[in-house]
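Every chain is numbered from 1 and lettered A, B, ... according to where its sequence line falls, protein lines coming before strand lines.
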2 protein chains.
Amino acid sequence: MPDPTPNPDGKLSRAAAQRLSQYLRFARTLAEADGTVSSVELAGAVGVSAAQVRRDLASLGHLGQRGVGYDAGGLVEALRKAIGVDRRWRVVLVGVGNLARALLKYRGFVDHGFDLVGLFDSAPGTIGTVVEGLPVEPMSNLAAAVKRLRAELGVLTVPADAAQSVADAMASAGLKGLMNFAPVRIRVPAGVSVVPVDLAIQLEQLAFAVHFNEPDETGVAKE
Amino acid sequence: MPDPTPNPDGKLSRAAAQRLSQYLRFARTLAEADGTVSSVELAGAVGVSAAQVRRDLASLGHLGQRGVGYDAGGLVEALRKAIGVDRRWRVVLVGVGNLARALLKYRGFVDHGFDLVGLFDSAPGTIGTVVEGLPVEPMSNLAAAVKRLRAELGVLTVPADAAQSVADAMASAGLKGLMNFAPVRIRVPAGVSVVPVDLAIQLEQLAFAVHFNEPDETGVAKE
DNA sequence: CGTTGTGAACTCATTCACAGCT
DNA sequence: AGCTGTGAATGAGTTCACAACG
């Protein structure tokens, strides 16, 4: 039967968006240095096929020049826009433990356009302390603070058993995206996105890959 | 294109293996309590379709009973074996910073069958200190220690600029799988697997999902 | 009944191969 | 010459729908 949707061009899959992030990282390192990158270079750096790179980039518009390649600077701009990081994002963090402290020290956070503007916790001993220049506020302040700070994203670094209720609070405070480090799947209202960062599952993936000696991931090894 | 060993036994894709981990987590919570789980329950818990669950589980052998469901205990066993976590794994960690300290405190590590047996760092001030009960050894000990401890996996929590050379050292020390927290792609010899845990890219994925209001992830909200 | 397992259909993603521009 | 963009072919992964079975 006839083709309800013969048109393949349209939306970016999640996996595709992840590749864009990787192209962006590589293009950024070249942006100052030189003028152009080829699909073959990008492919080698990221570990995908050159055809894949061209297909991905072509879906963003005509930003290559035939016979020449892609202008590094222009590519960075286009990728930033396509991913949604052509602006800065304001982020709050809930759950100030070791992991949070590690994240706060991580420069890549701010380097990639994410500004941590608020810290929250429920432990009386932690509330009021200052971590990496930011005071830790009680959870009861969350909703008001999100509004005041105009934060849109939240990082969730609380224990598993608290994760769902904290996620509920973050969603109803108006945050639109949550990065969840707790090893549980959290449910959120429609309109809120969640990116899980689940170490337990990643560990199991590593065991799986080793146990069955999968070549793994972004393109294997030369040698 | 460049893949001399495409899929040895040709079985489970990476994405499928990740779903298995999620089924396992859910089945574990039920294993003591009740007898059986249905594909619909699993699907709801993990956020995939029931048909997907059945297809995945059927690929592991006939472990369901028609008209009844899957025995929770048996499912846990089968999933453990399929993923490769029906045994314990010995893990060393290189780069003892805040992130490492957070990981060391994370109980899920040992709960999932991963034993951290060695810590390594190159900073003289850190070497010799004891963190969570383990002494931090110099990098020069790595190769001998990996052999002595019979470690197979490594966690890489060093800064980006050191990541590749540390990865080289870890691979030549005989580790077969690396969990890489550094925000760079590392190259490893054939036979070594890498699971990247890249916060910068995950952050960008979050921005992407929110910016284009993707429902995201494992199927979110029904309504 | 209810629920699994699975051929078949289908959708989505990737690679091929080459036309078209520089 | 070199390199991109893209139809067409291929492949991977997912859902449909129902037979098979307790």
Side-chain angles (χ1 to χ4, degrees), chain A residues 1-20 22-23 27 34-44 46-72 74-75 78-79 214-215 217-219, chain B residues 1-3 6-20 22-23 27 30 34-72 74-75 78-79 214-215 217-219:
Chain A
M1 233 151 176
D3 60 75
T5 29
N7 191 353
D9 117 3
K11 300 227 56 181
L12 287 176
S13 75
R14 184 59 77 99
Q18 227 175 100
R19 288 195 301 272
L20 297 190
Q22 295 180 265
Y23 304 149
D34 180 51
T36 62
V37 213
S38 75
S39 60
V40 177
E41 293 174 282
L42 281 161
V46 170
V48 300
S49 75
Q52 180 76 81
V53 173
R54 293 202 296 278
R55 180 73 68 186
D56 286 337
L57 297 185
S59 79
L60 308 182
H62 292 217
L63 30 86
Q65 213 176 348
R66 297 186 194 223
V68 180
Y70 302 90
D71 173 65
L75 192 54
L79 287 169
E214 294 241 329
E217 206 237 324
T218 77
Chain B
M1 159 283 279
D3 210 345
N7 218 359
D9 213 323
K11 279 293 318 176
L12 288 174
S13 76
R14 185 57 77 100
Q18 227 173 101
R19 288 195 301 272
L20 296 190
Q22 296 180 267
Y23 304 149
L30 272 60
D34 181 49
T36 63
V37 213
S38 75
S39 60
V40 177
E41 292 174 282
L42 281 162
V46 170
V48 301
S49 75
Q52 180 76 79
V53 173
R54 293 202 296 277
R55 178 73 68 189
D56 286 338
L57 296 185
S59 79
L60 308 182
H62 291 218
L63 29 85
Q65 213 176 347
R66 299 190 194 220
V68 179
Y70 302 90
D71 172 66
L75 192 55
L79 287 169
E214 294 241 327
E217 207 233 322
T218 72

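Between Y70(B) and the options T36(B), L30(B), L57(B), a side chain to side chain contact (heavy atoms under 4.5 Å, CB included) holds for only L57(B).
Note: R14(B) CZ to Q18(B) CD = 8.0 Å, rounded to the nearest 0.5 Å.
Contact record, S59(A) with L12(A): OG-CD2, 3.9 Å, taken as the closest heavy-atom pair.
Between L75(A) and L42(A), some side-chain heavy-atom pair lies under the 4.5 Å cut-off.
If you take CD of Q52(B) and P of dC12(C), they are 14 Å apart, rounded to a whole angstrom. Remark: C1' of dA13(C) and CZ of R14(B) are 18 Å apart, rounded to the nearest angstrom. D56(A) places its CG atom 17 Å from the P atom of dC12(C), with the value rounded to the nearest Å. Rounded to an integer number of Å, the gap from Q18(B) CD to dG13(D) P is 13 Å. One interatomic measurement links the two molecules: OH of Y23(A) to P of dT4(D), which rounds to 12 Å at whole-angstrom precision.
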Polar-atom pairs under 3.5 Å, protein N or O versus N or O of nucleotides 3-6 of chain C: list them with distances, or write none.
unit_1, atom_1, unit_2, atom_2, d
dT3(C), O4', G67(B), N, 3.3
dT3(C), O2, G67(B), N, 3.0
dT4(C), OP1, S39(B), N, 2.6
dT4(C), OP2, S39(B), OG, 2.6
dT4(C), O2, R66(B), NH1, 3.2
dG5(C), OP1, G64(B), N, 3.1
dG5(C), OP2, Y70(B), OH, 2.9
dG5(C), O4', R66(B), NH2, 3.3
dG5(C), N7, R54(B), NE, 3.1
dG5(C), O6, R54(B), NE, 3.4
dG5(C), O6, R54(B), NH2, 3.2

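Applying the 4.0 Å criterion to OP1 and OP2 of dG13(D), one finds that S13(B) has a side-chain N or O inside that range. For S49(A), no side-chain nitrogen or oxygen approaches OP1 or OP2 of dT14(C) to under 4.0 Å.
Under the rule for a side-chain contact (heavy atoms from CB on, under 4.5 Å), the partners of A17(B) that lie at least two apart in sequence or sit in another chain are Q205(A), F208(A). For the side-chain contact (heavy atoms from CB on, under 4.5 Å) test, residues two or more places apart in sequence or in another chain that qualify with Q52(B) are R19(B), Y23(B), V48(B), S49(B), D56(B).
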